Amino acid sequence: MRFRLTEDQVALRAGVREVLVRCFGAERLRDAVDAGGVLDRGLWRELGAAGFFSLCLPEAKGGVGLGVPEAVVVFEEAGRALLPGPLVATHLAAGRVPGAATGEAVVTAVGGGGLVEWLDDADVVVGSVEGAVALRSVDPLTPLHRVPGADPAARLDDLFVLLTAAEQVGTAVRACEAAVQHARTREQFGRPVGAFQAVKHLCAELLVRVEVARVAVYAAAVTVDPVDIAAARLLADEAAVRGARDSLQVHGGSGFTWEADVHLCLKRAWVRAERGGSITESEELLAGELLVEAS
Amino acid sequence: MDLAYSPEEEAFRARLREWLAKTLPSLPPKPSPDDWPGRRAYDLGWQRTLYDAGYGEVHWDASPTTRLIFLEETEKAGAPYVGAGFVGLLHAGPTIAAEGTAEQRARWLPPILRGEEVWCQGFSEPDAGSDLASLRTRARRDGDVYVVNGSKLWTSHAEVADWCELLVRTDAEAPKHRGISWLAMPMDAPGVTVRPLRTLAGSTEFAEVFLDDVRVPVANRVGAENDGWRVTMVTLSFERGTAFVGEVVACRRVLAEVAREARANGAWDDSGVRRRLGRANAEFRALWRLTQWNVSEGEASGGVRGASGGVPGVGGSVFKLRYSRARQELFEVAAEILGPDALDLGRGWVLDRLSSLSYTIAAGTSEIQRNIVGERILGLPKG
């Protein structure tokens with residue numbers, strides 16, 4: 001048992017982080033927010049060229065030929081960068097939808113709650129979007145439509161849920177890093193606010209939730225077991241949503257402004273929690289499994 | 001990332017499983033929780049059984065992964081846990097193995113492994129619990145002995161212990177973290193008085209220990225004089241890092257039993273109950289993965305053999321914070337499912353619910369653990 005990142009996986013993480021800093025750093029993020037949810041086709045092709053969508057496609061089909069654990073590492077970084085777009089749907093469409101693997105095509109899919117992200121920008125949609133109604137999306141970087149009458153209990157692809165959870169972990173990491181950075185530098189009463197236990201403990205809990213969610217997501221990536229995936233998404237949703245809220249609290253008044261990135265973390269985390277499907281259903285799956293184990 | 005065990009590790013697991021199946025049925029019945037001499041004999045007897053079968057050193061010599069398998073399999077099979085051997089096998093032993101001299105290792109380690117001697121922990125004091133370094137028990141040098149005066153609190157197993165891992169102040173003038181030394185004190189030395197303490201669970205797990213001119217040979221000091229704080233950090237990292245592995249496995253079993261009880265008594269029909277059970281399942285699955293992760297990390301960082309597979313890092317604090325809360329939550333769910341039966345001390349899980357209250361306090365409170373995570377992992381300034 002070697003349940004840790006391999007050297008290759010560590011290198012992959014570093015490489016992806018570097019690419020994302022270059023093609024979607026802090027300034028590009030703010031530009032994207034100002035642009036108001038318009039998909040950047042240039043960025044999409046850049047991601048395609050970097051192998052972002054063809055990661056798990058066999059080499060014989062022009063892909064990188066890596067596995068689910070590597071995809072999880074990459075999507076965690078995407079979540080950390082708050083990279084916008086229907087990344088998971090396009091990734092899963094590589095090899096099935098022409099152009100998806102290279103970033104020429106934008107593919108979206110009907111997710112949890114009948115929500116569809118980036119419908120107006122997508123070239124291909126997985127699932128029926130008949131009668132889809134545009135919402136005023138809470139997340140400035142995720143335009144949303146809703147399909148009326150979509151079956152709320154429709155079973156989502158496990159990989160779709162898992163990669164969404166990986167993105168949540170990355171966003172939780174970003175929220176934690178931002179909180180810690182702020183707590184180290186912002187001074188009140190003559191010292192950094194991170195010296196106060198009330199603030200320090202918020203930061204510590206942010207990290208604890210990240211670490212727990214991350215191992216759950218990594219383990220699920222190795223086993224690809226539906227129960228493991230259900231557990232991973234619950235913990236990842238908690239880490240991202242609760243983490244962003246606590247990070248906002250640590251930022252104090254500045255955290256409540258449009259200029260701070262914290263609200264972007266929180267809103268994206270909310271969108272992904274819905275995209276991952278019914279939370280109750282995940283909990284029920286995990287509860288039912290206890291009886292199976294007990295018998 | 002890989003969750004598969006090697007053929008050698010799987011062979012170890014199979015051999016152990018077979019041995020447990022053969023050995024456990026002939027174990028004597030467990031003594032009652034308050035029968036301390038009985039518990040001592042039972043726990044030492046189990047350690048001796050392990051030793052005779054070649055598993056006595058599993059906490060020391062085995063690779064961290066092998067040790068993980070050992071704890072997983074013994075717990076699954078319902079084998080006894082370390083019990084009264086806890087401090088010796090999991091704290092004092094590993095500390096002496098890592099920091100002791102050859103003579104000290106030869107004197108103290110074999111009896112621990114053979115199940116002959118019990119250790120207790122003399123760290124906390126009435127005015128030095130979470131602020132451990134402000135301990136006041138003094139040791140005055142008199143030739144080749146230390147003369148020790150003071151008192152200790154929350155000393156588990158003190159009633160039946162042969163030895164105490166004792167923290168004393170050897171330099172009252174030094175800054176509080178610097179003037180401390182780590183001593184091995186014989187519990188039968190003149191001047192040692194043990195007074196059992198009753199916990200809120202009604203049991204006598206702990207004791208107060210009074211030390212009145214107790215003479216401890218200087219040769220019993222582990223590590224340099226006044227360097228005891230560093231030695232203590234080694235001890236505490238074992239305590240926080242690896243001591244709960246078997247318990248996570250046990251909690252997963254209890255959780256399944258609680259679910260079965262819920263279905264039997266109708267509580268299962270409440271979707272709120274099912275959702276809480278589902279959450280708890282996610283929680284303990286993740287804690288098990290975190291354990292596997294920490295063990296893999298420990299193994300990769302070159303776990304020192306003979307020292308419980310290396311000194312676990314501050315990651316132990318992350319684990320302990322989450323685990324102690326999860327354990328309390330588990331028995332809260334159990335209580336909800338039991339309903340009025342949760343008020344009956346004769347009912348299973350009720351004592352567990354009470355004793356779970358100590359988990360966010362013992363071995364460093366959750367508040368202290370959050371300080372450790374905040375300062376030592378996240379690099380936030382000290383308050």
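Note that the structure is predicted; figures quoted are calculated from it, not measured. Chain naming here is simple, since letters A, B, ... match the order of the sequence lines and numbering starts at 1 in each.
- Atom CZ of A:Arg245 sits in a sparse spot, with 12 or fewer heavy atoms from other residues, nucleotides or ligands closer than 6.0 Å.
- Most heavy-atom pairs under 4.5 Å with chain B, from the set A:Ala219, A:Ala221, A:Ala230, A:Ala216: that is A:Ala219.
- Nearest heavy-atom pair across B:Ala286 and A:Val212 is CB-CG1, 3.6 Å.
- Contact count against chain A (heavy-atom pairs under 4.5 Å) is highest for B:Asn371 among B:Leu68, B:Asn371, B:Leu321.
- At a threshold of 4.0 Å, the pair A:Glu284-B:Arg275 does not count as salt-bridged, since none of the basic side-chain nitrogens sits closer than that to a carboxylate oxygen.
- Enclosure of atom CZ in B:Arg263 is not indicated, since only 12 or fewer non-hydrogen atoms of other residues, nucleotides or ligands lie within 6.0 angstrom.
- We find the CG-CZ distance between B:Leu380 and A:Arg184 to be 6.5 Å, quoted to the nearest 0.5 Å.
- The closest side-chain heavy-atom distance from A:Arg2 to B:Leu3 is not below 4.5 Å.
- Contacts of A:Tyr218 with chain B are made by both backbone and side-chain atoms, with heavy-atom separations under 4.5 Å.
- With a 4.5 angstrom heavy-atom cutoff, A:Val73 touches chain B only via side-chain atoms.
- Atoms NZ and CD, on B:Lys382 and A:Gln197 in that order, are 11.0 Å from each other to the nearest 0.5 Å.
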*Under the side-chain contact (heavy atoms from CB on, under 4.5 Å) rule, what do B:Gln292 and A:Val215 come out as? Steps first, then yes or no, please.*
CA-CA 9 Å; B:Gln292 290 178 313; A:Val215 293; over 6 Å; no

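- Using a 4.5 Å cut-off between heavy atoms, A:Glu238 contacts chain B through its side chain alone, with no backbone atom that close.
- Summarising the geometry of B:Arg285 relative to A:Ala231, their closest heavy-atom pair is CD-CB, 4.2 Å, with the distance given to 0.1 Å.
- Using a cut-off of 4.0 Å between Lys/Arg side-chain N and Asp/Glu carboxylate O, A:Glu283 and B:Arg274 are scored as not salt-bridged.
- Interatomic distance, A:Leu290 CG to B:Leu277 CG, rounded to the nearest 0.5 Å: 6.5 Å.
- Heavy atoms from other residues, nucleotides or ligands lying under 6.0 Å from CD of A:Glu187 number more than 12.
- With a 6.0 Å radius and a threshold of 12 heavy atoms from other residues, nucleotides or ligands, A:Glu274 has its CD atom at or below the threshold.
- The two residues B:Trp293 and A:Phe3 come nearest to each other via the heavy atoms CE3-O, 2.8 Å.
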*Given salt bridge (charged side-chain N to carboxylate O under 4.0 Å, His left out), test B:Arg325 with A:Glu205 step by step and report yes or no.*
CA-CA 12 Å; B:Arg325 200 179 55 196; A:Glu205 287 292 337; 3.8 Å; yes

*Begin with the C-alpha distance, continue with both residues' side-chain angles, and end with the deciding distance and a verdict on side-chain contact (heavy atoms from CB on, under 4.5 Å) for B:Trp268 and A:Leu291.*
CA-CA 11 Å; B:Trp268 185 262; A:Leu291 293 178; 3.4 Å; yes

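- Proximity to chain B is limited to the side chain of A:Leu207, based on heavy atoms less than 4.5 angstrom apart.
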*List the steps, then state whether side-chain contact (heavy atoms from CB on, under 4.5 Å) holds for A:Thr6 with B:Met1.*
CA-CA 6 Å; A:Thr6 62; B:Met1 271 181 263; 5.9 Å; no

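- Nearest approach of A:Leu235 to B:Ala282, heavy atoms of both residues: CD1-O, 3.6 Å.
- Looking at A:Arg191, the atoms closer than 4.5 Å to chain B (heavy atoms on both sides) all sit in the side chain, from C-beta outward.
- In plain terms, the two heavy atoms of B:Arg279 and A:Ile279 that are nearest each other are NH2-CG2, 3.6 Å.
- B:Pro381 and A:Lys200 get closest at one heavy-atom pair: O-NZ, 2.9 Å.
- At a threshold of 4.0 Å, the pair B:Arg289-A:Glu211 does not count as salt-bridged, since none of the basic side-chain nitrogens sits closer than that to a carboxylate oxygen.
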